[in-house]
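Read the structure below first, then the notes.
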Amino acid sequence: MPAEDYSELFEFYNLKETIGSGGFAKVKLGVHLLTKEKVAIKIVDKNSVGKDLPRVLLEIEALKNLVHHNVARLIQVFETPNKV
């Protein structure tokens with residue numbers, strides 16, 4: 001994984017093992033460096049998403065404002081030229 005895709009992420013989180021994967025994304029276990037809280041970090045490869053990228057970005061925007069007890073909370077979003 002190219003360091004430039006993750007440099008901002010590494011300022012806040014320690015990435016651990018992959019806990020899930022799909023067609024265009026991986027989910028890794030992360031640990032927040034200050035709070036030590038364990039989080040799931042979804043890493044989407046923009047190139048793999050292709051023409052569906054606008055839909056994925058719209059979903060991210062919706063999740064930023066969503067608060068519901070049955071839906072995982074979106075804490076933070078990092079975006080690079082290749083990943084989101």
Side-chain angles (χ1 to χ4, degrees):
M1 77 179 138
E4 63 272 5
D5 282 341
Y6 300 94
S7 60
E8 189 176 2
L9 180 65
F10 289 148
E11 292 178 28
F12 299 94
Y13 297 94
N14 184 7
L15 278 152
K16 301 290 188 180
E17 69 271 7
T18 298
I19 56 176
S21 63
F24 54 81
K26 282 187 182 178
V27 179
K28 292 195 166 283
L29 174 63
V31 179
H32 191 273
L33 295 176
L34 293 177
T35 66
K36 307 300 183 213
E37 181 180 12
K38 290 182 179 179
V39 297
I41 298 175
K42 185 174 186 177
I43 301 168
V44 178
D45 183 343
K46 289 180 176 179
N47 297 321
S48 295
V49 175
K51 65 180 175 85
D52 286 331
L53 183 59
R55 183 186 56 80
V56 171
L57 296 175
L58 183 63
E59 181 180 332
I60 290 169
E61 286 303 312
L63 287 171
K64 284 181 181 179
N65 299 313
L66 182 65
V67 178
H68 191 279
H69 64 278
N70 289 332
V71 178
R73 185 170 53 108
L74 178 63
I75 299 172
Q76 204 166 12
V77 177
F78 299 97
E79 186 171 1
T80 69
N82 299 312
K83 308 282 185 192
V84 66

Listing, residues 67-77 side-chain donor-acceptor contacts under 3.5 Å, not counting sequence neighbours, or none:
from: His68; atom 1: ND1; to: Asn70; atom 2: N; distance (Å): 2.9
from: Gln76; atom 1: OE1; to: Tyr13; atom 2: OH; distance (Å): 3.1

Taking the side chain as every heavy atom from C-beta outward, state whether Lys16 and Lys38 have any pair of such atoms under 4.5 Å apart. no

When you measure from the side chain of Lys46 to the backbone of Thr80, do you find a donor-acceptor pair of N or O atoms at a distance under 3.5 Å? yes

Should Lys83 and Val44 count as side-chain neighbours, where that means a heavy-atom distance under 4.5 Å? no

Specify the closest pair of heavy atoms between Ile41 and Gly30, including all atoms of both residues, with the distance to one decimal. CD1-CA, 3.8 Å

Atom CG of Leu57 and atom CG of Asp52: how far apart are they, to the nearest 0.5 Å? 11.0 Å

Determine, step by step, whether Val39 and His32 satisfy the side-chain contact (heavy atoms from CB on, under 4.5 Å) criterion, reporting the C-alpha distance in whole Å, the side-chain angles of both residues, the deciding distance to 0.1 Å, and the verdict. CA-CA 7 Å; Val39 297; His32 191 273; 5.6 Å; no

According to a 4.5 Å side-chain heavy-atom criterion applied to Ile, Leu, Val, Met, Phe, Trp and Tyr, with indirect links allowed, do Val56 and Leu63 form part of one hydrophobic cluster? yes

Separation of Asn82 CG from Ser48 OG (nearest 0.5 Å): 10.5 Å

Hydrophobic cluster membership, Tyr6 vs Leu33, 4.5 Å side-chain cutoff: no

Between Val27 and Ile43, is there shared hydrophobic-cluster membership here, with clusters defined by ILVMFWY side-chain heavy atoms closer than 4.5 Å? no

Tell me whether Leu9 is reachable from Phe12 by hopping between hydrophobic residues (I, L, V, M, F, W, Y) whose side-chain heavy atoms are closer than 4.5 Å. yes

Taking atom CG of Asn65 and atom CD1 of Ile60, what is their separation to the nearest 0.5 Å? 12.5 Å

